[in-house]
Amino acid sequence: QVHLVESGGGMVQTGASLRLACVVSGIGSNSVVAWFRQAPGKEREFVVAQSWSGGSTPYANSVKGRFTISKDRAKNTVYLQMNNLKPEDTAVYYCAARRNRIIVGVWSQPNVYDAWGQGTQVTVSS
């Protein structure tokens, strides 16, 4: 069973950085891990995804060049480094995981993931 626990959210000012962490269990080398976010009144939005074994790393255009996904496989942890944060980045951030392989073209769709973390709030003030 896939299980995820997130940490690292907070309140920062525009231009600051934050790093989110997500401890993952129950996945393997074919699994996909992803970060999504959801702002109040909006749908859940794809941020970035990556295979647990590495490779393709699609980013949302809105975060490209500012956010970076990384993994520490020894710690079963996925990170989201967020730099140059903007007020429009304010949202609840969720990590998600899919246990089995799936084509990259659907990694941005929330419904392909098997499990989700509890979410962590990120608030960026202007």
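Keep in mind the model is a prediction, meaning the values are calculated, not measured.
- For the salt bridge (Lys or Arg N to Asp or Glu O under 4.0 Å) condition, the pairs that include at least one residue of residues 76-99, sequence neighbours left out, are Arg37-Asp89, Arg66-Asp89.
- For the pair Ala97 and Ile27, the tightest heavy-atom approach, listed with the atom from each and the gap, is CB-CG2, 4.1 Å.
- Applying the side chain to side chain contact (heavy atoms under 4.5 Å, CB included) test to Lys42 and every residue at least two apart in sequence or in another chain returns Ala39.
- Hydrophobic cluster membership is shared by Val104 and Val112, with clusters built from Ile, Leu, Val, Met, Phe, Trp and Tyr side chains linked at under 4.5 angstrom.
- Applying the salt bridge (Lys or Arg N to Asp or Glu O under 4.0 Å) rule to pairs touching residues 72-85 yields nothing, sequence neighbours excluded.
- Taking Gln50 as the reference, Thr57, Lys71 meet the side-chain hydrogen bond (donor to acceptor under 3.5 Å, both in side chains) condition, with sequence neighbours excluded.
- For residues 39-94, every residue pair satisfying the ring-ring contact (aromatic ring centres under 6.0 Å, His included) rule, not counting sequence neighbours, is listed here: Phe36-Phe46.
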Quick one: side chains of residues 119-126, donor-acceptor pairs under 3.5 Å with protein atoms, not counting sequence neighbours, listed by atom name and distance.
from	atom 1	to	atom 2	distance (Å)
Thr120	OG1	Gly9	N	3.1
Gln121	NE2	Ala91	O	3.4
Gln121	NE2	Thr123	OG1	3.3
Ser125	OG	Val12	O	3.3

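- To the nearest 0.5 angstrom, Thr68 atom OG1 is 11.0 Å from Met82 atom CE.
- No chain of hydrophobic side-chain contacts below 4.5 Å, direct or via other Ile, Leu, Val, Met, Phe, Trp or Tyr residues, connects Val24 to Val32.
- Note on residues 10-118: pairs passing disulfide bond (SG atoms under 2.5 Å apart), not counting sequence neighbours, are Cys22-Cys95.
- Partners of Thr90 according to the side-chain hydrogen bond (donor to acceptor under 3.5 Å, both in side chains) rule, which considers only residues two or more places apart in sequence or in another chain, do not exist here.
- In this structure, Val5 stands alone, with no Ile, Leu, Val, Met, Phe, Trp or Tyr side-chain heavy atom under 4.5 Å from its own, directly or through other members.
- Residue pairs meeting the disulfide bond (SG atoms under 2.5 Å apart) criterion with at least one member in residues 97-126: none, sequence neighbours excluded.
- Cluster annotation: Leu80 and Val2 are assigned to the same hydrophobic cluster (Ile/Leu/Val/Met/Phe/Trp/Tyr, side-chain heavy-atom contacts under 4.5 Å, transitive).
- For residues 100-118, the pairs satisfying side-chain hydrogen bond (donor to acceptor under 3.5 Å, both in side chains) are Asn30-Arg101, with sequence neighbours left out.
- You'll find the side chain of Glu6 stays beyond 4.5 Å of the side chain of Leu20, heavy atoms only.
- Residue pairs meeting the side-chain hydrogen bond (donor to acceptor under 3.5 Å, both in side chains) criterion with at least one partner in residues 14-28, sequence neighbours excluded, are Ser17-Asn83.
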